[in-house]
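What you see is a predicted model, and the numbers here were worked out from it, not measured in a lab.
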Amino acid sequence: MAPRRPAENADYTVPDILAWLEASGSADNIAGMQRFGINIDKAFGVGNAALRPFGKTLGRNHERTRELWQTGFREARLLALFTDEPGRVSPTQAREMAADFNSWEIVDTASDLFVDAGHLDELVPEFAADEREFVRRTAFAMIAWAAVHLRKRDDADFIVLLPLIERYATDPRNFVKKAVNWALRQIGKRNLTCHAPALGLAEKLAASQDKTMRWIGKDAVRELTDDKIRQRLASKQR
């Protein structure tokens, strides 16, 4: 088998990347990001539609991604997450990154990387117990991603996370409650085995006197009882 050709821009240094970002950004994009609640304190205004393809031209490079992360720029950090090598991402690195989280967009992208790096079991309970809003969100974003993409994991590995979802379903902070809801829905949509216990928890939360629990539960019940969802799961089971 012929060796894989290096990525087109594999030799780009961090200054090269920052120069490309500066030239590619726009004020209109920054305004749009702000409307979606994305942190723009340090942003060039490069949309993901351009950022992801550019990341592919860079190829994966663990050392470079650490430098990109340290710049603090939104787009540089996303490129760091797009182009890191999952097999070289340690739990310690994940914790260090989490300490810098300041935007749901960064959190959700990093969560995918942390799961792909194999740290679901170690980091989810730890991050869920962390009082920082974006760190706690990371735990439930990881669950949501894993429920969809870790197809070879036992269903029991996700059902056992339902008590964790219930425990933190009282956190009223916007970026936490939405991620808790997301995790519950994704577990419920994994397959019929997971659907029943997830729906049971959703119904329990929907009947709660706690406002946040009730919102999370009602929204999850709405999706998990949708006829199209039920039919898809039944078809998948067959």
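- Take Trp20 and apply the ring pair (Phe, Tyr, Trp, His ring centres under 6.0 Å) test, not counting sequence neighbours, and it matches Phe54.
- Considering every non-hydrogen atom in both Ala141 and Ala179, the closest pair reads N-CB, 4.4 Å.
- Legend: residues meeting salt bridge (Lys or Arg N to Asp or Glu O under 4.0 Å) with Arg64, ordered by chain and number and at least two apart, are absent.
- In this structure, Leu184 and Leu162 have side chains that are in contact, with non-hydrogen atoms separated by less than 4.5 Å.
- Within the 4.5 Å cutoff, no side-chain heavy atoms of Lys204 are placed close to those of Met213.
- Partners of Phe73 according to the ring pair (Phe, Tyr, Trp, His ring centres under 6.0 Å) rule, which considers only residues two or more places apart in sequence or in another chain, are Phe44.
- Taking CD1 from Ile165 and CD1 from Ile143, the interatomic distance works out to 5.0 Å, rounded to the nearest 0.5 Å.
- When side chains are defined from C-beta on, Asp11 does not count as touching Asp16, because their heavy atoms never get closer than 4.5 Å.
- Between Asp210 and Ser208, the shortest heavy-atom contact is N-OG, 2.9 Å.
- Trp215 pairs by the ring pair (Phe, Tyr, Trp, His ring centres under 6.0 Å) definition with nothing, not counting sequence neighbours.
- Annotation: salt bridge (Lys or Arg N to Asp or Glu O under 4.0 Å) contacts of Asp155 (sequence neighbours excluded): Arg190.
- Side-chain contact between Arg66 and Glu96 is present, with at least one heavy-atom pair separated by less than 4.5 Å.
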Leu51/Leu21 under side-chain contact (heavy atoms from CB on, under 4.5 Å): CA gap, chis, key distance, verdict: CA-CA 9 Å; Leu51 203 60; Leu21 292 172; 3.6 Å; yes
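- Within the 3.5 Å criterion, the main-chain N or O of Phe101 finds no donor-acceptor partner in the side chain of Arg77.
- Pro53 approaches Asn48 most closely through the heavy-atom pair CD-O, 3.9 Å.
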Which donor-acceptor pairs under 3.5 Å do side chains of residues 30-42 form with protein atoms, sequence neighbours excluded?
residue : atom : partner : partner atom : Å
Asn39   : OD1  : Asp41   : N            : 2.9
Asn39   : ND2  : Asn102  : O            : 3.3
Lys42   : NZ   : Thr71   : O            : 2.7

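- Checking side-chain atoms of Ser235 against main-chain N and O of Gln231 turns up no donor-acceptor pair under 3.5 Å.
- The side-chain contact (heavy atoms from CB on, under 4.5 Å) search around Arg136 returns Glu131, Phe140, Tyr168, Asp171, Arg173, Val176, not counting sequence neighbours.
- Between Arg132 and Asp130 there is a salt bridge, since a side-chain N of the basic residue sits under 4.0 Å from a carboxylate O of the acidic one.
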Please evaluate residues Ile17 and Glu75 with respect to the criterion side-chain contact (heavy atoms from CB on, under 4.5 Å), reporting the C-alpha separation (whole Å), side-chain torsions for both, the decisive distance (0.1 Å), and the verdict. CA-CA 10 Å; Ile17 294 170; Glu75 290 85 354; over 6 Å; no
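- A donor-acceptor pair under 3.5 Å links the side-chain atoms of Glu133 to the main chain of Phe175, judged by distance alone.
- Among all heavy-atom pairs drawn from Arg60 and Phe82, the shortest one is NH1-O, 3.4 Å.
- By the criterion of side-chain heavy atoms lying less than 4.5 angstrom apart, applied directly or through intervening Ile, Leu, Val, Met, Phe, Trp or Tyr residues, Val14 is grouped together with Ile106 in one hydrophobic cluster.
- Arg230 meets the side-chain contact (heavy atoms from CB on, under 4.5 Å) test with His195, Leu199, Thr225; sequence neighbours excluded.
- Atom CZ in Arg214 sits 13.5 Å away from atom CG in Asp219 (nearest 0.5 Å).
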One pair to check against side chain to side chain donor-acceptor pair (under 3.5 Å): Asp100 and Trp69. What are the steps and the verdict? CA-CA 9 Å; Asp100 294 331; Trp69 186 266; 2.9 Å; yes
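- Listed here is the closest heavy atom pair of Leu58 and Ala7: C-CB, 3.7 Å.
- Legend: residues meeting side-chain contact (heavy atoms from CB on, under 4.5 Å) with Asp121, ordered by chain and number and at least two apart, are Arg153.
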Start with the C-alpha gap between Ile216 and Thr212, add the side-chain angles, then the distance that decides, and say whether side-chain contact (heavy atoms from CB on, under 4.5 Å) holds. CA-CA 6 Å; Ile216 290 170; Thr212 304; 4.0 Å; yes
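- Shown here are the ring pair (Phe, Tyr, Trp, His ring centres under 6.0 Å) partners of Phe158, two or more places apart in sequence or in another chain: there are none.
- Closest approach of Thr83 to Gly59, counting heavy atoms only: CB-O, 3.4 Å.
- The line from CD of Glu122 to OG of Ser90 is 9.5 Å long, rounded to the nearest 0.5 Å.
- Annotation: the span from Arg232 atom CZ to Asp227 atom CG amounts to 13.5 Å, rounded to 0.5 Å.
- The structure places CD of Glu223 at 7.0 Å from CD of Gln186, a figure rounded to the nearest 0.5 Å.
- Residues Val221 and Ile159 do not share a hydrophobic cluster, defined by chaining ILVMFWY side chains whose heavy atoms lie under 4.5 Å apart.
- Under a hydrophobic clustering in which Ile, Leu, Val, Met, Phe, Trp and Tyr are joined whenever their side-chain heavy atoms come within less than 4.5 Å, directly or via other members, Leu161 and Phe127 fall into the same cluster.
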List the steps, then state whether side-chain contact (heavy atoms from CB on, under 4.5 Å) holds for Met142 with Thr138. CA-CA 6 Å; Met142 288 177 69; Thr138 305; 4.1 Å; yes
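- Not counting sequence neighbours, the partners of Glu85 by the salt bridge (Lys or Arg N to Asp or Glu O under 4.0 Å) test are Arg88.
- The salt bridge (Lys or Arg N to Asp or Glu O under 4.0 Å) search around Arg52 returns none, not counting sequence neighbours.
- Note that CG of Asp112 is 6.5 Å distant from NE2 of His149, once rounded to the nearest 0.5 Å.
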